[in-house]
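Data first, discussion second: the structure below is written as structure tokens.
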Amino acid sequence: GAVVSQHPSWVICKSGTSVKIECRSLDFQATTMFWYRQFPKQSLMLMATSNEGSKATYEQGVEKDKFLINHASLTLSTLTVTSAHPEDSSFYICSARGLAGPPDEQYFGPGTRLTVT
Amino acid sequence: SQQGEEDPQALSIQEGENATMNCSYKTSINNLQWYRQNSGRGLVHLILIRSNEREKHSGRLRVTLDTSKKSSSLLITASRAADTASYFCATGTASKLTFGTGTRLQVTL
């Protein structure tokens, strides 16, 4: 149980275009989903937290107009990188926390590698 | 900013040896968690240790916690090539996790 998927697993886009990444909880309802960013050989940095049906909360320094997050249902959150630039190239990982299960755990997706050319 | 600093940053051992990695953190915690990340993949939860626990075991994993020193260690015994991965400690709650800098473990045959 507690499986989180991401789609796509990798994407290459041209500078100036927008890219949408999906995060789905497959076998549980996720009240909260998290989006992280990870540069090569570095740790995960939390970008934003989204609760189903409400606006996402962004971490300091993360542009909310550039990284649009939508959490429209209890099983799906999307991250849209708008007007992507090469510096947005990174590994994006989502995680989810469910209604049930250990209260301290987040379940992580496999990540999406974004390359902006 | 990173809550946890891990050392070593990289560790290379031979299969069968034990691997120890350490995590130090700055603020008081309720629990500390360890995760594994295979290259280019998501994170897998390994173990959670609560602030009132000093040691916890799970299979070949042993985690210790010293709240007076604000540090934790992860020991992997009898390592295998499949243990090659990055290991991260994380503090906080399910509402917000803060990850350490990570240790990259390489287990060679």
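Residue-environment remark: NZ (K41(A)) stays at or below the threshold of 12 foreign heavy atoms within 6.0 Å. Enclosure of atom NE2 in H7(A) is not indicated, since only 12 or fewer non-hydrogen atoms of other residues, nucleotides or ligands lie within 6.0 angstrom. Within 6.0 Å of CZ in R80(B) there are 12 or fewer heavy atoms belonging to other residues, nucleotides or ligands.
Judged as a disulfide bond (SG atoms under 2.5 Å apart), not a single pair has a partner in residues 31-70 of chain A (not counting sequence neighbours).
Using a 4.5 Å heavy-atom cut-off against chain B, the contacting residues of residues 87-95 of chain A are F91(A), I93(A). Contacts between residues 46-55 of chain A and chain B, counted as heavy-atom pairs separated by less than 4.5 Å, involve L46(A), T49(A).
Both L79(A) and V62(A) are part of a single hydrophobic cluster, where members link through side-chain heavy atoms under 4.5 Å apart. L68(A) and V11(A) are assigned to two separate hydrophobic clusters, defined by single-linkage of ILVMFWY side chains at heavy-atom distances under 4.5 Å. Hydrophobic clustering places L46(B) together with L32(B) (ILVMFWY residues linked when any side-chain heavy atoms are closer than 4.5 Å, directly or through intermediates). Hydrophobic clustering places Y58(A) together with W35(A) (ILVMFWY residues linked when any side-chain heavy atoms are closer than 4.5 Å, directly or through intermediates). Both I47(B) and Y87(B) are part of a single hydrophobic cluster, where members link through side-chain heavy atoms under 4.5 Å apart.
In this structure, the separation between NZ on K96(B) and OG1 on T32(A) is 14.0 Å, given to the nearest 0.5 Å.
With S43(A) contributing its side chain and G102(B) its backbone, the two residues share no donor-acceptor pair below 3.5 Å.
In this structure, the side chains of F34(A) and L97(B) stay at 4.5 Å or more apart for every pair of heavy atoms. Contact annotation: the side chain of Q33(B) never approaches that of Q106(A) to less than 4.5 Å [non-hydrogen atoms, C-beta and beyond].
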For residues 14-22 of chain B, which side-chain donor-acceptor pairs fall under 3.5 Å, sequence neighbours excluded?
residue : atom : partner : partner atom : Å
E15(B)  : OE2  : A81(B)  : N            : 3.1
E17(B)  : OE1  : Q14(B)  : N            : 2.9
N18(B)  : OD1  : A78(B)  : N            : 3.0

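Q9(B) does not touch chain A: none of its heavy atoms, backbone or side chain, sits under 4.5 Å away.
Counting heavy-atom pairs closer than 4.5 Å to chain B, the top-ranked of the candidates Q42(A), Q38(A), Q60(A), Q6(A) is Q38(A).
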